[in-house]
Amino acid sequence: MVSRVIPVDTFDLVIFGGTGDLARRKIFPGLYRRFMAGQMNDASRIFGAARAALSEQEFRDQIGAALKEFVATDRLEPEAVEGFLARIFYVPINAREESGWEKLKSTLRGDVVRAFYFSVAPNLFPDLAERLHAHGITDATSRIVVEKPFGRDLASARALNEVLARYFHEDQIYRIDHYLGKETVQNLMAVRFANILFEPIWNSQHVDHVQITVAETMGVNGRGAYYDKSGAMRDMVQNHLMQLLCLIAMEPPYHFDPDAVRDEKLKVIRALQPVPPQNIVRGQYLAGGGEGSYLEHCDNPDSRTESYIAMKVEIANWRWKGTPFYLRTGKRLRARHSEIAITFKEPPHLIFDDAEGWKENVLVIRLQPNEGMHLMVMIKEPGPGGMRLMQVPLDMTFATAYAEAAEAAEDVPDAYERLIMDVIRGNQTLFMRGDEVEAAWAWADPIIEGWEARGDKPQGYDPGSSGPEDALMLIHRDGRRWREIK
Ligand code: BG6
């Protein structure tokens with residue numbers, strides 16, 4: 001099974017921060033793959049914009065080098081690379097100065113989709129928005145794409161929203177959370193809302209608890225300065241884990257339409273309960289495995305920023321009251337392993353004698369690696385020996401189809417590719433609305449303020465482990481256990 005490619009309209013896409021890390025690692029390689037797949041047509045153009053005084057050729061050379069580094073070798077066909085690079089242009093521009101903008105304006109076409117990707121530090125968003133508007137480069141049909149972090153608390157997120165709203169309507173603003181572009185995350189919506197099977201049991205009467213894990217093996221080296229001002233709560237929970245939680249917990253929207261979906265997500269965020277300190281465990285990785293500790297990586301021996309967080313979150317609404325959601329994410333853990341696991345309750349009455357062999361049904365949605373889903377079910381242990389029970393994974397038919405598509409790896413767009421194509425299509429379903437971001441900060445702020453006011457210090461954990469000891473207690477005291485990170 002190969003994924004269907006639907007070409008998008010002709011576009012002019014300007015990437016501010018065009019020489020930056022994200023552009024090199026994700027945006028240009030992603031666009032190249034879409035070009036290869038035939039989704040981006042020959043008339044579309046991509047402009048890198050940055051402060052460096054580069055010639056067009058120098059910029060193309062940089063992008064050519066980035067493709068070599070970040071695109072699989074068997075996908076680098078010289079003709080395609082040449083064709084792609086011919087569609088790339090460079091505009092030297094400084095967000096805080098006036099020069100360059102008129103040239104940009106005269107270069108862009110009026111009759112194609114115009115999109116502007118702000119792949120820069122958030123403190124430049126206001127300058128970019130203002131200059132694009134002041135020079136008449138954008139109109140009511142233009143789109144802007146903004147990267148996270150979208151603020152560092154409610155006040156700053158609100159201020160950003162206000163500035164952007166001065167120049168753009170909400171339906172022109174695409175706030176990226178790349179987790180929403182992941183294939184499996186979208187599958188979660190398909191599985192929930194295109195099947196009758198799950199909905200009747202998708203509630204606290206039948207779901208014992210939910211675990212959301214995003215474990216990484218990498219540390220923060222190289223990004224220590226940014227990360228230390230942020231921490232796992234701001235970097236991962238307020239956005240990525242929150243979005244996953246919303247997709248599991250939301251009510252069925254009346255239609256798969258951007259505002260219908262986002263209205264339902266917003267209701268979930270607003271129903272989140274404050275999290276008391278005893279339901280949070282924060283950690284910092286120690287030195288080990290030939291690498292330095294978190295404190296060394298962020299070059300701040302007094303840092304109280306967490307590189308790991310685990311928390312028990314509750315949603316106060318009819319569907320979920322009584323079902324805890326356990327979230328955890330961290331750096332330098334045992335494996336790169338991200339999944340959502342929905343554990344169901346036990347049957348009302350067990351008729352088999354093999355009570356010990358019995359285990360709960362668990363629906364596992366695996367984000368990475370090996371994207372896919374499986375449902376753990378009980379069956380009879382094969383062969384003689386009486387009625388003994390065993391748990392096996394039930395591979396849903398789509399999982400096989402999905403694996404085949406995934407084998408043709410490059411045909412399944414990665415998160416950034418998909419999201420950029422959605423910007424060109426004008427589809428905001430997988431982007432965060434301003435009120436959603438603000439609601440998420442409104443929930444996160446008091447939690448962060450709480451540990452800051454108390455001066456809580458994160459607990460050390462060994463690299464390659466599954467996190468601090470106390471995180472085990474967080475779930476054990478409820479008579480449950482974390483799923484293995486492997
Ligand atoms: C980013 C965070 O948003 O997501 C990083 O800033 C994190 O700290 C990354 O490593 C994880 O993304 P993924 O897609 O690799 O799980």
Side-chain angles (χ1 to χ4, degrees), residues 17 20-27 29-30 33 70 117-122 145-152 157 174-188 212-247 282-285 291 294 297-298 303 305-309 327-340 365-372 406 409 412-420 430-432 436-437 440-441 444 448 458 463 467 485-486:
D21 194 49
L22 184 72
R24 290 187 68 250
R25 275 190 306 116
K26 295 284 184 187
I27 304 177
R33 283 190 288 261
F70 298 108
Y117 198 129
F118 293 8
S119 177
V120 295
V145 184
V146 290
E147 265 298 328
K148 74 176 263 273
F150 199 85
R152 53 173 287 104
Y174 291 73
R175 294 177 195 78
I176 287 218
D177 184 312
H178 78 278
Y179 267 58
L180 287 176
K182 289 186 191 271
E183 183 76 18
T184 330
V185 174
Q186 291 171 73
N187 245 330
L188 178 58
I212 304 178
T213 301
V214 179
E216 299 183 272
T217 50
M218 300 275 290
V220 301
N221 11 355
R223 294 172 77 214
Y226 150 76
Y227 193 91
D228 201 40
K229 291 199 196 75
S230 164
M233 181 71 174
R234 288 189 170 101
D235 186 53
M236 297 293 289
V237 177
Q238 184 272 348
N239 36 71
H240 304 326
L241 276 80
M242 173 74 74
Q243 289 296 324
L244 300 180
L245 180 145
C246 283
L247 296 179
R282 294 159 68 237
Q284 270 177 354
Y285 60 82
E291 283 206 42
Y294 174 79
H297 284 166
C298 71
S303 173
T305 303
E306 73 287 352
S307 62
Y308 173 99
I309 188 165
L327 317 183
R328 65 180 162 159
T329 180
K331 307 272 185 203
R332 295 282 280 138
L333 296 176
R334 181 174 302 145
R336 181 162 193 258
H337 175 136
S338 302
E339 63 163 41
I340 300 165
I365 300 139
R366 179 119 178 170
L367 271 61
Q368 59 206 18
N370 314 326
E371 298 191 325
V412 180
D414 94 343
Y416 275 94
E417 294 168 47
R418 182 192 317 277
L419 293 174
I420 297 170
L430 300 176
F431 295 84
M432 292 178 297
E436 244 184 286
V437 179
W441 280 123
I448 298 172
I485 294 177
K486 56 181 179 190

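Order of appearance sets the numbers: ligands from 1, and atoms from 1 within every ligand. Quick caveat, the model's predicted, so the values are computed rather than measured.
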Close-contact set for ligand 1 against [X] heavy atoms, below 4.0 Å:
{"X": "Lys148", "result": "1 (C), 2 (C), 3 (O), 6 (O)"}
{"X": "Lys331", "result": "5 (C), 7 (C), 8 (O), 10 (O)"}
{"X": "Lys182", "result": "13 (P), 14 (O), 16 (O)"}

Looking only at protein heavy atoms, which one is nearest to [atom], and what is the separation?
{"atom": "atom 10 (O) of ligand 1", "answer": "Glu216 OE2, 2.5 Å"}
{"atom": "atom 12 (O) of ligand 1", "answer": "His178 NE2, 3.1 Å"}
{"atom": "atom 6 (O) of ligand 1", "answer": "Asp235 OD1, 2.6 Å"}
{"atom": "atom 16 (O) of ligand 1", "answer": "Tyr179 OH, 2.4 Å"}
{"atom": "atom 15 (O) of ligand 1", "answer": "Arg336 NH2, 2.9 Å"}

Between Tyr285 and His297, ring centroids under 6.0 Å
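That pair passes the under 6.0 Å test.
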
Residue pair Lys229 / Arg234: nearest heavy atoms and the distance that separates them:
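That closest heavy-atom pairing would be O-NH1, 3.8 Å.
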
Give the minimum heavy-atom separation between Ser307 and Gln284, together with the two atoms involved.
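Here Ser307 and Gln284 meet closest at OG-CA, 3.3 Å.
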
Aromatic ring pairing His178/Tyr416, orientation class (parallel under 30°, perpendicular over 60°, tilted between):
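His178 and Tyr416: parallel rings.
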
Charged N to carboxylate O under 4.0 angstrom, Arg418 versus Glu183?
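Yes, this pair counts.
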
Taking Ala215's backbone N and O only, do any of them form a donor-acceptor pair with Thr213's side chain (distance below 3.5 Å, no angle check)?
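Side chain of Thr213 to backbone of Ala215, a donor-acceptor pair under 3.5 Å: no, none is there.
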
Indicate, as side chain, backbone, both or neither, the part of His240 found under 4.0 angstrom from ligand 1 when only non-hydrogen atoms are considered.
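Under 4.0 Å from ligand 1, His240 contributes side-chain atoms alone.
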
Quick check for you: to the nearest 0.5 Å, what is the distance between Gln243 atom CD and Tyr179 atom OH?
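These two atoms lie 12.5 Å from each other.
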
Under 4.0 angstrom from ligand 1, any heavy atom of Gln368?
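For ligand 1, residue contact (heavy atoms, under 4.0 Å) with Gln368 is present.
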
